Amino acid sequence: MLKLTDISWESFAALGLESKKPYLEHPDDPGMPYHTLFAQQFDRSALERLCALANRIRFINKSKEGALYLKNLLTHKRAMLYFSQPSSRTFLSHLAACQILGITTGSVRDAATSSEFKGESREDSIRTFSSYFDMIIMRSPEQGLAEKMAWELSNSERPIPILNAGSGKDQHPTQALLDIYTLIRSFETKGGIDGRTVTFCGDLMRGRTVRSLSYLLTNFNDIKQIFVAPKELQVPSDVIDILREKGVRYEISDDLRAATRISDAVYMTRIQDEWDNSKGESAKIDTHRFKFGAEELELLGKDAIIMHPLPRRDEIATCCDHDPRAMYWRQMRNGMWIRAALIATVFGFEKTIMECGY
């Protein structure tokens with residue numbers, strides 16, 4: 001088995017994502033991650049295992065006795081939530097996942113409250129946290145930081161796992177996991193997700209959730225992906241290159257209504273103007289045709305769904321919120337369960353949970 005201790009940082013950083021995967025596998029469970037850094041670590045088998053475990057955890061948690069059983073599983077573990085990029089949903093979802101499993105947590109959500117305010121590097125801060133905790137869940141605006149720290153900690157005297165909760169503009173693997181889990185649950189009694197058409201709409205150029213989910217969907221059979229956006233925000237070429245390489249059907253479009261008519265899932269995203277190089281840059285882009293409202297709802301199939309990673313602005317009208325096809329609120333709750341499943345797997349408790357008597 002390949003390990004991060006077998007390779008220099010420079011050599012590891014130069015590898016493609018799929019070539020990095022073997023270095024990140026769980027030593028006791030090949031095929032599952034130890035460090036969770038990007039969507040390319042998950043094949044269909046891993047995704048189905050995690051979704052089954054998430055279902056099992058949510059079922060056990062329905063009773064008081066079951067919830068107490070889960071809370072006693074990992075009371076001996078501690079997790080650090082290091083969120084140097086603003087977040088509420090992702091932070092609380094990971095926090096709730098830890099609480100379900102009885103994990104004690106600590107957090108830093110503002111670098112101004114840590115020694116980074118005094119000039120300490122993020123790398124040194126994370127190395128310090130590893131002295132006190134058994135897992136670091138991190139969200140950072142700095143692209144590649146999670147990978148660098150996974151390598152650093154693996155080559156330290158305390159090689160604890162890193163869970164990437166959002167890294168720059170490139171990856172958000174646990175968001176992609178909850179998106180896949182939502183799709184699987186939405187279609188589990190309707191023939192599954194193979195053969196479906198999934199439309200992504202909005203800021204596809206800078207949307208790391210789109211990048212991660214688009215890749216995970218390539219693990220399933222005959223899924224067509226449609227990318228609807230203004231030309232300035234259309235999906236980047238590296239995403240399309242992967243789809244071509246894997247023989248996935250795709251379409252580039254600027255017509256949301258036409259895509260909605262033929263879609264099984266419409267995945268809306270907001271304009272991510274926090275990445276603008278200059279103030280007001282995104283506001284100059286005409287986005288009025290890339291919003292989902294009552295008219296689009298009329299065009300959506302009766303068994304289709306609407307998704308959104310949230311937060312939203314006006315790209316989904318509030319009139320859609322109470323439609324049974326609106327999945328974005330359930331999507332958020334699904335995140336808590338799938339993240340609990342991932343954390344339990346990293347700590348080696350999948351079998352214990354799946355075989356318990358509850």
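Because the structure is a prediction, the values reported are computed rather than measured.
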Any donor and acceptor pair, going by atom type alone, linking the side chain of Arg158 with main-chain N or O of Ser130 inside 3.5 Å? yes
Rounded at 0.5 Å granularity, tell me how far CZ in Arg270 sits from CZ in Arg313. 5.5 Å
Remaining members of the apolar cluster that contains Phe59, side-chain heavy atoms under 4.5 Å: none
Quick one: closest heavy-atom pair of Arg257 and Leu299, and the distance? CB-CD1, 3.6 Å
Thr269 side chain to Cys201 main-chain N or O, any donor-acceptor pair under 3.5 Å? yes
Please find the pair of heavy atoms, one from Ser263 and one from Ala304, that lie closest to each other, and give the distance. O-CB, 3.5 Å
Path from Met1 to Leu24 over hydrophobic side-chain contacts below 4.5 Å: no
About how many Å separate CG of Leu47 and CG of Leu183, when rounded to the nearest 0.5 Å? 11.0 Å
Atom CD of Glu295: over 12 foreign heavy atoms under 6.0 Å: no
Test the Arg196-Phe187 pair against the cation-pi criterion, namely NZ or CZ under 6.0 angstrom from the six-membered ring centroid and within 45° of the ring axis. yes
Looking at Ser121, is its backbone amide N or carbonyl O close enough to the side chain of Asp124 to form a donor-acceptor pair, meaning the two atoms are under 3.5 Å apart? no
Taking the hydrophobic residues Ile, Leu, Val, Met, Phe, Trp and Tyr, and joining any pair whose side-chain heavy atoms are under 4.5 Å apart, which ones share a cluster with Leu256? Ile226, Val228, Ile262, Val266, Met268, Phe290, Phe292, Leu297, Leu300, Ile306, Leu310, Ile316, Tyr328, Trp329, Met332
Does any non-hydrogen side-chain atom of Pro173 lie less than 4.5 Å from one of Gln41? no
Consider only side-chain N and O atoms of Tyr181 and Asn55, and report whether a donor and an acceptor are under 3.5 Å apart. yes
Give a yes or no on whether Leu204 and Ile252 share a hydrophobic cluster (residues Ile, Leu, Val, Met, Phe, Trp, Tyr; joining criterion: side-chain heavy atoms under 4.5 Å apart). yes
How far apart are the C-alpha atoms of Leu178 and Trp337, what are their side-chain angles, what is the distance that settles it, and do they pass the side chain to side chain contact (heavy atoms under 4.5 Å, CB included) test? CA-CA 8 Å; Leu178 75 88; Trp337 301 117; over 6 Å; no
Considering all heavy atoms of both residues, which atom of Ser11 and which atom of Ile7 are nearest to each other, and what is their separation? CB-CG1, 3.5 Å
Looking at CD1 of Ile162 and CG of Leu153, how far apart are the two atoms once the value is rounded to the nearest 0.5 Å? 5.0 Å
Backbone N or O of Val346 within a donor-acceptor pair of the His26 side chain at under 3.5 Å? yes
Would a 4.5 Å heavy-atom cut-off, applied to side chains only, mark Lys62 and Arg58 as touching? no
Closer than 3.5 angstrom, by distance alone: can the side chain of Asp134 be matched with the main-chain N or O of Arg78 as a donor-acceptor pair? yes
If only side-chain N and O atoms count, and only distance matters, is there a donor-acceptor pair under 3.5 Å linking Tyr267 with Gln225? no
Is any side-chain heavy atom of Glu251 less than 4.5 Å from a side-chain heavy atom of Thr199? no
Roughly how far, to the nearest 0.5 Å, is the CD1 atom of Ile338 from the CG atom of Leu177? 6.0 Å
Heavy-atom closest pair (Phe42 atom, Leu50 atom, distance to 0.1 Å) is CE2-CD1, 3.6 Å
CG of Asn164 to CG of Leu145: how many Å apart, nearest 0.5 Å? 9.0 Å
Got a donor-acceptor contact below 3.5 angstrom from the Asp264 side chain to the Thr197 backbone? yes
State, with a plain yes or no, whether a side-chain heavy atom of Ile160 is found less than 4.5 Å away from one of Met135. no
Where the side chain of Arg211 meets the backbone of Ala39, is there a donor-acceptor pair that is under 3.5 Å apart? no
Can you confirm whether the side chains of Arg244 and Tyr250 place a donor and an acceptor under 3.5 Å from each other? yes
Do Leu15 and Leu4 sit in one hydrophobic cluster, given that two such residues count as connected whenever their side-chain heavy atoms are within less than 4.5 Å of each other, even indirectly? yes
Is there side-chain contact between Ile136 and Met149, with heavy atoms separated by less than 4.5 Å? no
Between Val239 and Phe200, is any pair of side-chain heavy atoms under 4.5 Å apart? no
Take a 6.0 Å sphere around NZ of Lys190 and say whether it holds more than 12 heavy atoms from other residues, nucleotides or ligands. yes
Met307 and Gln331: side chain to side chain contact (heavy atoms under 4.5 Å, CB included), yes or no, with the steps? CA-CA 7 Å; Met307 300 173 67; Gln331 201 176 337; 3.4 Å; yes
Walk me through whether Ile184 and Ile193 qualify under side chain to side chain contact (heavy atoms under 4.5 Å, CB included). CA-CA 6 Å; Ile184 287 176; Ile193 67 174; 4.1 Å; yes
Would you say the side chains of Ser154 and His35 form a donor-acceptor pair under 3.5 Å? yes
Tell me whether Met354 is reachable from Phe349 by hopping between hydrophobic residues (I, L, V, M, F, W, Y) whose side-chain heavy atoms are closer than 4.5 Å. yes
Working for side chain to side chain contact (heavy atoms under 4.5 Å, CB included), residues Asn155 and Trp9: CA-CA 10 Å; Asn155 283 275; Trp9 165 245; over 6 Å; no
Taking all non-hydrogen atoms of both residues into account, name the closest pair between Gly293 and Cys319 and its distance. C-SG, 4.4 Å
Less than 4.5 Å apart, any side-chain heavy atom of Ile137 and any of Cys98? yes
For the side chain of Arg139 and the backbone of Ala165, is there at least one donor-acceptor N/O pair under 3.5 Å apart? yes
Any chance NZ of Lys3 has more than 12 other-residue heavy atoms, nucleotides or ligands included, within less than 6.0 Å? no
Looking at Asn61 and Leu70, would you say the former's side chain and the latter's main chain have a donor-acceptor pair under 3.5 Å? no
Rounded distance [0.5 Å steps], CD1 in Ile353 versus OH in Tyr358: 13.0 Å
Here the pair of heavy atoms bringing Ala150 nearest to Leu37 is CB-CD1, 4.0 Å
Salt bridge (charged side-chain N to carboxylate O under 4.0 Å, His left out) evaluation trace for Glu142 with Lys148: CA-CA 11 Å; Glu142 185 176 331; Lys148 178 67 184 302; over 6 Å; no
A side-chain contact here means heavy atoms from C-beta on lying under 4.5 Å apart; do Pro309 and Arg89 qualify? no
Between Ser212 (side chain) and His172 (backbone), is there a donor-acceptor pair under 3.5 Å? yes
